[in-house]
Amino acid sequence: MKIKLQLSKIIENALKNANIEADDVVISDATKPEFGDYQFNGVMKLAKQLKQNPRQIAQTVVEHIDTTGIIAKVEIAGPGFINIWLGDAWLSSEATAILDDERVGVGYVDQAQKVVVDYSGPNMAKQMHVGHLRSSIIGDTLATLLEFLGDEVIRQNHIGDWGTQFGMLIAYLEEQGTDGVTQNLKDLEQFYKDAKVRFDESVEFADKARDYVVKIQQGDKHCLRLWQSFIDASLGHCEEVYDKLGVNLTRDDVRAESFYNSKLPSVIKTLKEKNISTISDGAECVFLEGDETPIIVQKGDGGFLYATTDLAALEFRVQELKADRICYVVDARQAQHFKQVFAIAKMAGMVAENVTLEHIGFGTMMDKSGKPFKTRDGGVVKLIDLLDEAVVRARETIKERKTHSDEALEKVARAIGIGAVKYADLSISRESNYLFSWDKMLSFDGNTSLYMQYAYARIQSIFRKHDGVITGSIVVGDEIEHRLVLMLLKFEDTLIKASIEATPHTITSYLYDLVSLFMKFYEQNPILKEGIEEEVKMSRLQLATLTAKVIKKALDILGIEVVNKI
RNA sequence: GCACUCAUAGCUCAGCUGGAUAGAGCAUCGCCCUUCUAAGGCGAGGGUCUUAGGUUCGAAUCCUAAUGGGUGUACCA
């Protein structure tokens with residue numbers, strides 16, 4: 001239900017009928033319940049342009065507002081606010097209408113776009129660590145969200161499978177055994193360390209490693225086979241993490257760095273032809289206005305850098321994948337890099353003007369002391385270990401409730417533990433750094449996944465107790481139900497906002513508001529207790545049904561599972 | 001040095017395309033379980049929105065500067 005759109009159309013009409021010219025009509029949520037459900041604050045601005053009394057204008061506008069459908073009442077307040085109340089009858093019928101809708105009333109975008117979402121991007125030389133968590137989670141949510149709203153989403157996992165370190169790794173792989181499949185690569189981190197030790201201790205080995213780098217680049221079959229087997233094994237680790245994490249990335253989404261190798265020379269050629277790049281200190285550079293240091297696109301020795309790869313990728317995404325919008329879900333520290341790459345791509349005409357390029361940046365994960373998240377001995381925290389710990393902790397949290405058999409407990413602990421990690425990450429505004437705290441994320445209180453899952457389970461419990469059919473319509477009976485129904489219908493507006501700004505926390509905030517409201521409703525308005533009229537009981541059961549559906553759908557978009565019992 | 005970014009309650013965070021008395025959670029202190037999952041709900045206290053200017057009828061929000069954190073800055077990605 002696009003409520004704001006409907007309301008702004010009504011206001012636009014009112015303005016038109018009152019012969020008042022206004023360019024954009026913005027409807028906001030009311031700041032307080034006393035001020036209604038929505039408000040239109042644009043009158044004050046109009047009054048200034050027209051040099052008229054704002055309350056006078058507000059009065060004229062109000063007289064022209066159509067209050068036959070969605071709007072029940074409007075009021076002028078303060079210097080010229082127009083407060084809007086939606087009608088209970090309208091809310092009731094709209095809510096009832098979406099009870100059986102799989103999309104719980106959420107429509108599709110008017111103009112579907114082809115959107116590339118670039119996320120996760122692990123390095124094949126190392127095990128996935130906490131640094132990859134946010135990109136994977138935020139990117140996955142964004143992809144799911146856009147897809148749900150009707151865009152055509154192309155997921156791209158830009159894995160790091162190329163670079164000098166691979167020479168060392170495959171040389172060591174060869175020395176150790178035959179290939180990545182038979183080789184024990186369970187702990188990539190350790191393998192890397194061991195290889196590094198070999199590299200440092202043996203000149204002979206180091207030479208071979210360097211030689212292998214060149215050989216892979218030249219397409220040497222033996223080295224390429226070793227390299228490929230290594231990448232396969234490493235990718236297998238990532239998939240294990242994706243599986244645990246519930247991230248929808250498959251091999252089909254992998255478009256590795258190496259994929260662009262063959263396209264790099266042509267990028268340089270384009271830049272040279274358009275006089276965008278010049279030679280400086282022996283390297284091919286682009287000097288952008290305002291930057292004091294250049295962007296190097298080709299090293300003095302002929303090698304390419306990641307800016308070049310990103311340019312090639314951009315070109316590919318626009319020209320081959322035909323993207324309208326490209327979202328890079330990458331650490332905020334890369335802001336400058338993306339700004340530069342985007343600028344060069346547009347200058348060089350690799351990307352048409354109407355294609356939107358977005359760096360979806362996010363902050364760093366911190367520990368309690370406010371420092372970047374590390375293990376006790378200062379090492380990186382492996383993602384797989386973190387996820388396993390989350391499940392263990394979740395199990396401890398719910399074990400004492402004794403609602404589950406051992407087997408069921410395991411499943412529920414997984415949903416809760418993984419959900420907690422993801423929700424904690426998604427509920428913080430993306431750009432800011434975030435403090436990682438087990439206690440906070442696994443709490444039943446506050447804006448956590450467990451609180452949402454608990455609310456969902458609580459509703460399921462009502463249904464079990466009721467143990468019968470639920471029919472009939474939703475009839476808004478009081479203030480709290482009015483607010484709850486309105487909240488349920490606001491779901492689409494929330495998703496639209498989240499998709500435009502690429503802010504998953506918009507969804508979690510909404511969820512928290514919705515669930516809090518439901519809890520209030522649940523305390524105030526008994527459903528199954530004695531003496532409740534059948535019609536009221538059914539309406540409330542339906543309200544619970546719709547609430548549960550919206551919670552489930554919202555969590556689904558966030559990649560979090562619900563459980564029927566906690 | 002230069003650039004970017006952040007600064008809101010004791011703590012963790014919302015709010016930021018300008019709007020009415022700045023909101024949550026945690027923590028602290030009260031109240032509500034023979035009554036649908038109380039791991040819940042209700043209420044209280046707690047704020048110079050870092051500081052100083054500016055724009056405006058109106059600023060936490062926009063602009064400028066200062067202060068304090070973080071980050072990035074020529075051949076790694």
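Residue numbers begin at 1 in each chain, while the letters A, B, ... track the order of the sequences. In what follows, every heavy atom counts, from backbone to side chain, and hydrogens, waters and symmetry copies are set aside.
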As its Watson-Crick or G-U partner within any shown strand, both distances under 3.5 Å, B:rU64 has B:rA52
(message) What contact category does A:I428 fall into here, base, sugar-phosphate, or nothing, at under 4.0 angstrom with non-hydrogen atoms?
(response) sugar-phosphate
Distance check, C1' atoms only: B:rG41 and B:rG25, in whole angstrom units. 15 Å
With respect to the phosphate group of B:rU37, does any side-chain polar atom (N or O) of A:Y451 fall under 4.0 Å of OP1 or OP2? no
Separation of B:rC26 atom P from A:W438 atom CH2, nearest Å, is 21 Å
Do A:Y510 and A:M487 have side chains that approach each other closer than 4.5 Å (heavy atoms only, starting at C-beta)?
yes
Walking RNA chain B from its 5' end, the first of A:E523 and A:A457 to be reached, judged by nearest nucleotide, is A:A457
TODO: Determine the Euclidean distance between corresponding C1' atoms of B:rU17 and B:rC63; express it in Å to zero decimal places.
DONE: 16 Å
**A:L450 side chain near A:I566 side chain, heavy-atom distance below 4.5 Å** = yes
### Task
For the residue pair A:L528 and A:K537, establish whether any side-chain heavy-atom pair is separated by less than 4.5 Å.
yes
Atom CG of A:D301 and atom C1' of B:rC76 are separated, to the nearest Å, by 13 Å
- Message: Is it true that, when you exclude A:E34 itself, more than 12 heavy atoms of the residues, nucleotides or ligands shown sit nearer than 6.0 Å to its CD?
- Response: yes
Between B:rU61 and B:rC2, how far apart are the two C1' atoms, rounded to whole Å?
28 Å
Across every strand shown, the nucleotide meeting Watson-Crick or G-U wobble geometry with B:rG1 (both distances under 3.5 Å) is B:rU73
Side chains of A:D367 and A:K374 in contact at under 4.5 Å (non-hydrogen atoms): no
| said: Please check: side-chain N/O of A:S427 versus main-chain N/O of A:Y423, any donor-acceptor pairing under 3.5 Å? | reply: yes
**Asked** Does any N or O in the side chain of A:D161 come within less than 3.5 Å of the main-chain N or O of A:S258, such that one atom is a donor and the other an acceptor?
**Response** yes
- Task: Examine A:Y260 together with A:H158 and report whether their ring centres are nearer than 6.0 Å.
- Result: yes
Heavy-atom contacts, protein to nucleotides 17-24 of chain B, under 4.0 Å, summarised as B (base), S (sugar-phosphate only) or - (none) per nt, yield --BBS-SS
Using a heavy-atom cut-off of 4.0 Å across all strands, would you classify A:I566 as base, sugar-phosphate, or nothing? base
Under 4.0 Å, heavy atoms only, any strand: does A:F436 hit a base, just the sugar-phosphate, or nothing? nothing
For A:H505 and B:rG15, is the shortest distance between a side-chain N/O and OP1 or OP2 below 4.0 Å? yes
Assert: residue with more 5' nearest nucleotide on RNA chain B, out of A:K339 and A:G300, is A:K339
| task | Indicate, with a heavy-atom threshold strictly under 4.0 Å, whether A:D281 touches base, sugar-phosphate, or nothing. | result | base
Next on the checklist: By the 4.0 Å heavy-atom rule, please label A:D161 as base, sugar-phosphate, or nothing.
Outcome noted: nothing
Separation of B:rU71 atom C1' from A:D331 atom CG, nearest Å, is 9 Å
**B:rC49 and B:rU8, which share atom name C1', separated by this distance in whole Å** = 4 Å
* Asked: Base, sugar-phosphate alone, or nothing: which one does A:N433 contact when heavy atoms must sit under 4.0 Å apart?
  -> sugar-phosphate
TODO: Please answer whether the main-chain N or O of A:E284 pairs with a side-chain N or O of A:Q298 as donor and acceptor at a distance below 3.5 Å.
DONE: no
| message | Using a 4.0 Å heavy-atom cut-off, does A:E431 contact any base of the nucleic acid, only the sugar-phosphate backbone, or nothing at all? | response | nothing
How is A:A283 classified with respect to the nucleic acid when contacts are heavy atoms under 4.0 Å: base, sugar-phosphate, or nothing? base
Do the side-chain N or O atoms of A:K520 get closer than 4.0 angstrom to the phosphate oxygens (OP1, OP2) of B:rC42?
yes
Per the glycosidic torsion and the 90° limit around 0, nucleotide B:rC33 is syn
> Is there a donor-acceptor pair closer than 3.5 Å between any side-chain N or O of A:H337 and the backbone N or O of A:A307?
Replying inline: no
ask   = How is A:Q340 classified with respect to the nucleic acid when contacts are heavy atoms under 4.0 Å: base, sugar-phosphate, or nothing?
value = nothing
Checking N1-N3 plus N6-O4 or O6-N4 for Watson-Crick, or N1-O2 and O6-N3 for wobble, each under 3.5 Å, the partner of B:rC57 is B:rG19
- Message: Looking only at the aromatic ring of each residue, does the gap between the centers of A:F342 and A:Y328 stay below 6.0 angstrom?
- Response: yes
| query | With ring centroids as reference points, do A:Y454 and A:Y451 lie under 6.0 angstrom apart? | reply | no
Answer for the Watson-Crick or wobble partner of B:rG10, both distances under 3.5 Å, is B:rC26
Would you indicate what A:S432 reaches in the nucleic acid, counting non-hydrogen atoms under 4.0 angstrom: base, sugar-phosphate, or nothing?
sugar-phosphate
Requested in this report: Verify the stacking flag for A:Y454 against B:rU37: centroid separation must be under 5.5 angstrom and the ring planes must differ by under 30 degrees.
Outcome: no
* To do: Using the P atom as the reference point in each nucleotide, state the distance between B:rG19 and B:rG58 in Å, no decimals.
  => 14 Å
P spacing across the pair B:rA9 / B:rA24, given as an integer number of angstrom: 15 Å
Rounded to whole Å, the CZ-C1' distance (A:R333 to B:rU71) equals 7 Å
Under a 4.0 Å heavy-atom cutoff, the residues of residues 461-472 of chain A touching RNA chain B are A:S461, A:I462, A:R464, A:K465
To the nearest angstrom, the NE2-C1' distance between A:H337 and B:rU73 comes to 14 Å
Given the structure, check if the side chain of A:E292 and the base of B:rG1 hold any donor-acceptor pair shorter than 3.5 Å. yes
- prompt: In whole Å, what separates the C1' atom of B:rC4 from that of B:rA59?
  reply: 24 Å
Q: With heavy atoms under 4.0 Å as the rule, sort A:Y522 into base, sugar-phosphate or nothing.
A: base
Worksheet item: When the P atoms of B:rA60 and B:rA52 are considered, how many whole Å apart are they?
Response: 13 Å
Practice prompt. Would you confirm whether A:Q127, through its side chain, and A:L188, through its main-chain N or O, come within 3.5 Å as a donor-acceptor pair?
Written response: yes
*Short side-chain N/O contact to B:rA14 OP1/OP2 from A:S429, under 4.0 Å*: yes
